[in-house]
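Here is the structure we will look at.
Atoms within a ligand are numbered from 1 in the order they appear, just like the ligands themselves.
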Amino acid sequence: MSTSEVDIENSVITVRDFRKKYGAVTAVDGISFNVEQGQIFGLLGPNGAGKTTTLECLEGIRRADGGSLKVLGVDPIREPRHLSSLIGVQLQTSALPPTMTTREAVKFFCAYHGVPARYDLLEHLGLEGKINAQYNQLSTGQQRRLSLVLAIAHNPPVLILDEPTAGLDVGSRTTLHNLMAELKAQGTSILLATHDMAEAEKMADWVAILLHGQIVAAGTPREITAAGSGLTRISVRTEESLLHTSKNDFPAVQQRIIKDDYAVYYSTDPGPTVAALLEFIKNNQDRLVDLRVERPNLEERFLEITTPGAPS
Ligand code: ATP
């Protein structure tokens, strides 16, 4: 049974026929989905697809124009105080007073939620050395990590994250992913809006792709990827770039594009394609610099779905 369609009993977040306009702009055009307990649900979509609008309506920051949104049965607009104990939300950077210290921020947020100050979480996110630093003395990545500490300090059953890894270095990104996995193992449900397809593929149990305010694909990352064209991407870079101007008559190739220094081929059968490409390079006295063969992944599928003219 599809997670996003019917299983309301287990549903922690329930969105039904949700609509939102800003003046003449339709930001979200009647979407429905469920997030179940202990699930990481990835909300994907290009810029302007309606992801943040959806999250903000679930957080009670904005009011929906139609349909219904519930978090553990709570209407975000009608019961904001109750909602705040149920959800953890990462603040936007610059949301805290610039001279507030890390210690003060943790103390303040935990007092608001009526829980003991969770300074231990600072260590978990590599901020223990910054406990006396002012907010304006933290780097952007450190500010984002602090906002995550503040989001989870009251141990909310639902976490709503809007591009949590944007601006994080590789180490912090891994730390965040490990933390998300730990929270999920403890039963926390996570709604994650992200542009990072590798992150969605790795972390999400279920994803929905939004395009122009509508859900155009939903399923596990594996299901979504499998529903695509199944073309393998072969990227070739050579010293003389002779492939850029050659005839595109290599076997099993459906499409070729030129991207930066690479000739990129989409193939239904990579073996013969690669063999023919290598033969061409040898016969024309060019030299291979780089060759990458990539099976279809979520990013490929996402581009197929969201980019007009992409191979399908
Ligand atoms: P991004 O990936 O760029 O963050 P998004 O998927 O989060 O995009 P939204 O921020 O929800 O998209 O925006 C959806 C649409 O609503 C866009 O067309 C955007 O221009 C419009 N929009 C968002 N906020 C406002 C606002 N406050 N006033 C008017 N239009 C808005």
Side-chain angles (χ1 to χ4, degrees), residues 4 13-35 39-71 75-77 80 83 87-95 140-141 143-145 147-148 151 158-168 172-173 176-177 180 189-204 206-219 221 224 297-308 310:
S4 70
I13 294 177
T14 313
V15 174
R16 286 287 166 277
D17 197 24
F18 159 55
R19 292 161 193 281
K20 176 72 185 169
K21 278 187 168 195
Y22 299 100
V25 176
T26 300
V28 182
D29 193 11
I31 64 168
S32 301
F33 64 88
N34 294 334
V35 181
Q39 187 180 55
I40 300 181
F41 187 109
L43 198 54
L44 313 180
N47 291 139
K51 302 179 298 296
T52 300
T53 300
T54 304
L55 300 195
E56 289 182 346
C57 287
L58 281 165
E59 293 160 11
I61 297 171
R62 296 189 188 280
R63 186 184 288 272
D65 293 328
S68 80
L69 304 106
K70 293 269 171 70
V71 179
D75 182 316
I77 291 292
L83 181 79
I87 64 170
V89 176
Q90 231 183 337
L91 301 167
Q92 298 299 315
T93 48
S94 81
T140 309
Q143 289 180 347
R144 291 196 70 77
R145 281 186 269 152
S147 76
L148 193 66
V158 179
L159 194 56
I160 298 181
L161 301 176
D162 198 353
E163 294 184 48
T165 45
L168 292 190
S172 306
R173 191 167 169 272
L176 177 79
H177 288 165
M180 283 167 67
S189 311
I190 303 175
L191 177 56
L192 164 74
T194 183
H195 286 286
D196 183 339
M197 295 301 131
E199 172 171 272
E201 196 151 26
K202 176 179 162 200
M203 301 302 301
W206 191 267
V207 299
I209 297 179
L210 266 183
L211 186 63
H212 308 307
Q214 297 183 335
I215 293 179
V216 291
I224 292 195
N297 57 21
L298 189 58
E299 180 159 340
E300 299 285 329
R301 183 67 186 127
F302 178 83
L303 289 172
E304 278 180 13
I305 293 170
T306 59
T307 315

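Proximity to R62 (heavy-atom distance under 4.0 Å) selects the following atoms of ligand 1: 27 (N). Interface atoms of ligand 1 facing N47, defined by a heavy-atom separation under 4.0 Å, are 1 (P), 2 (O), 3 (O), 8 (O). The ligand atoms of ligand 1 that sit less than 4.0 angstrom from a heavy atom of A49 are 5 (P), 6 (O), 12 (O).
Around atom NZ of K21, no more than 12 heavy atoms belonging to other residues, nucleotides or ligands sit under 6.0 Å away. By the 6.0 Å contact criterion, NE2 on H195 is enclosed, its count of non-hydrogen atoms from other residues, nucleotides or ligands being greater than 12.
Considering backbone and side-chain atoms alike, V25 places every N or O at 3.5 Å or more from each N or O of ligand 1. Residue G48 places at least one N or O, backbone or side chain, under 3.5 Å from an N or O of ligand 1.
Summarising the geometry, atom CD1 belonging to I31 is positioned 10.5 Å from atom CZ belonging to R16; distances are rounded to the nearest 0.5 Å. The distance from the OG1 atom of T306 to the CG atom of L44 is 9.5 Å, given to the nearest 0.5 Å. Summarising the geometry, atom CG belonging to L161 is positioned 9.0 Å from atom CZ belonging to R144; distances are rounded to the nearest 0.5 Å. Note: I224 CD1 to E300 CD = 14.5 Å, rounded to the nearest 0.5 Å. One finds the CE atom of M180 at 8.0 Å from the OG1 atom of T165 (value rounded to the nearest 0.5 Å).
Here the rule is side-chain contact (heavy atoms from CB on, under 4.5 Å) with L191, and of V15, I40, L58, I87 only L58 fits it.
Neither the backbone nor the side chain of K21 comes within contact range of ligand 1; no heavy atom lies under 4.0 Å. The proximity of P46 to ligand 1, defined as any non-hydrogen pair under 4.0 Å, is limited to the backbone.
Looking at atom 12 (O) of ligand 1, its nearest protein heavy atom turns out to be G50 N, 3.2 Å. Looking only at heavy atoms of the protein, atom 10 (O) of ligand 1 is closest to T52 CB, 3.7 Å. Among protein heavy atoms, the minimum distance from atom 31 (C) of ligand 1 is reached at Y22 CD1, 3.2 Å. The protein heavy atom nearest to atom 9 (P) of ligand 1 is T53 OG1, 3.6 Å.
Put simply, atom 19 (C) of ligand 1 has no protein non-hydrogen atoms near it, under 4.0 Å away.
A heavy-atom separation below 4.0 Å is not found between E56 and ligand 1.
Taking 4.0 Å as the cut-off between side-chain N and carboxylate O, D29 and R19 count as a salt-bridged pair.
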